Amino acid sequence: PLFGQSVIVTGVMMFGILRLQTNLIAIFGIGPMQNLTRNTSPTFLFTAGPIAAAIAFAIMMVSNSAWVLIAAMALYTLSEVAYAPLKQSLLAEIASDGARARYAAVRAFDFRLALIIGALFVWLSAYFAPATLAMVILLMGLVISALLLVVRRNLSTQKTLADSAA
């Protein structure tokens with residue numbers, strides 16, 4: 001009961017609540033999260049961030065509880081806020097000065113790709129059990145973490161070789 005009234009939250013309302021929550025956490029949580037992760041290893045953030053986000057999405061795939069959905073969305077947003085700045089700096093490292101605009105355009109595409117994947121999973125939910133789709137999401141989180149670590153390791157190796165050659 002809210003103010004003595006029973007409140008029925010529809011799926012559309014819950015979606016709005018989760019979107020509002022995500023935006024509020026992103027706006028007000030980025031400063032504290034950057035302070036909290038300032039001395040955290042980038043390797044840890046590149047590993048833990050995508051995995052925590054995938055766990056949060058997997059939980060959302062299998063839960064119908066509003067409070068669990070809110071907690072999972074908070075975990076997702078905080079993990080994204082923790083490692084997103086590192087992804088941006090990794091992009092800046094990869095891109096040469098002349099190609100930064102193209103890399104930024106590709107980086108903007110990943111948001112659209114996420115929307116496509118989300119729509120695909122909504123469609124697939126008619127044919128597969130939520131637990132199956134949750135496992136696919138977890139696997140995707142592991143793959144993303146692995147790819148980020150490989151790219152970071154390759155950049156570190158290239159930087160070490162360039163420094164030793166200089």
Side-chain angles (χ1 to χ4, degrees), residues 1-91 104 106-153:
L2 182 65
F3 304 114
Q5 301 291 320
S6 292
V7 177
I8 297 172
V9 178
T10 65
V12 172
M13 289 172 65
M14 191 70 220
F15 181 74
I17 291 167
L18 294 175
R19 291 296 301 240
L20 175 64
Q21 172 196 358
T22 297
N23 289 315
L24 289 174
I25 291 172
I27 291 166
F28 297 112
I30 195 158
M33 184 57 76
Q34 286 180 340
N35 288 335
L36 188 65
T37 60
R38 178 173 291 136
N39 296 322
T40 305
S41 155
T43 301
F44 175 79
L45 291 174
F46 276 136
T47 305
I51 291 172
I55 289 169
F57 269 112
I59 290 169
M60 286 188 272
M61 286 294 296
V62 297
S63 178
N64 289 324
S65 165
W67 294 114
V68 171
L69 292 172
I70 289 168
M73 186 57 87
L75 173 63
Y76 163 75
T77 306
L78 290 171
S79 67
E80 192 68 21
V81 166
Y83 85 96
L86 284 174
K87 279 195 312 189
Q88 291 295 86
S89 67
L90 186 65
L91 179 64
V106 169
R107 173 70 178 96
F109 175 72
D110 78 352
F111 178 74
R112 294 290 168 205
L113 181 61
L115 290 174
I116 292 168
I117 290 171
L120 176 66
F121 272 75
V122 169
W123 176 69
L124 289 174
S125 69
Y127 303 102
F128 295 97
T132 302
L133 296 176
M135 295 305 289
V136 172
I137 288 172
L138 288 172
L139 180 62
M140 289 169 63
L142 290 171
V143 168
I144 289 167
S145 287
L147 290 173
L148 285 169
L149 290 172
V150 166
V151 168
R152 188 166 185 284
R153 188 175 302 125

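In this chain, numbering begins with 1 at the start of the sequence shown. None of these values were measured; they are calculated from a predicted model.
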If every non-hydrogen atom of T37 is compared with every non-hydrogen atom of A82, which pair is closest and at what distance? CG2-CB, 4.3 Å

By side-chain hydrogen bond (donor to acceptor under 3.5 Å, both in side chains) - contacts of S63 (at least two apart): none

Heavy atoms of other groups near N64 CG, more than 12 under 6.0 Å: no

Out of curiosity, T77 OG1 to R19 CZ, how far, rounded to the nearest 0.5 Å? 10.0 Å

When rounded to the nearest 0.5 angstrom, what is the spacing between CG in L124 and CD1 in I117? 11.0 Å

At what distance, to the nearest 0.5 angstrom, does OH of Y83 lie from CD1 of I51? 10.0 Å

Identify all side-chain donor-acceptor contacts of residues 132-150 below 3.5 Å with residues at least two apart in sequence or on another chain.
unit_1 : atom_1 : unit_2 : atom_2 : d
S145   : OG     : F46    : O      : 3.3
S145   : OG     : T47    : O      : 3.0
S145   : OG     : G141   : O      : 3.3

By ring pair (Phe, Tyr, Trp, His ring centres under 6.0 Å), F121 pairs with (sequence neighbours left out) none

CD/Q21 to CG/L69 distance, rounded to the nearest 0.5 angstrom? 9.5 Å

All heavy atoms of V9 vs all of M14, minimum pair found to be CG1-N, 3.8 Å

Please round to the nearest 0.5 Å and tell me the distance separating atom OG1 of T22 and atom CD of E80. 10.0 Å

Spatial distance of atom CE (M60) from atom CG (L75) [nearest 0.5 Å]: 8.0 Å

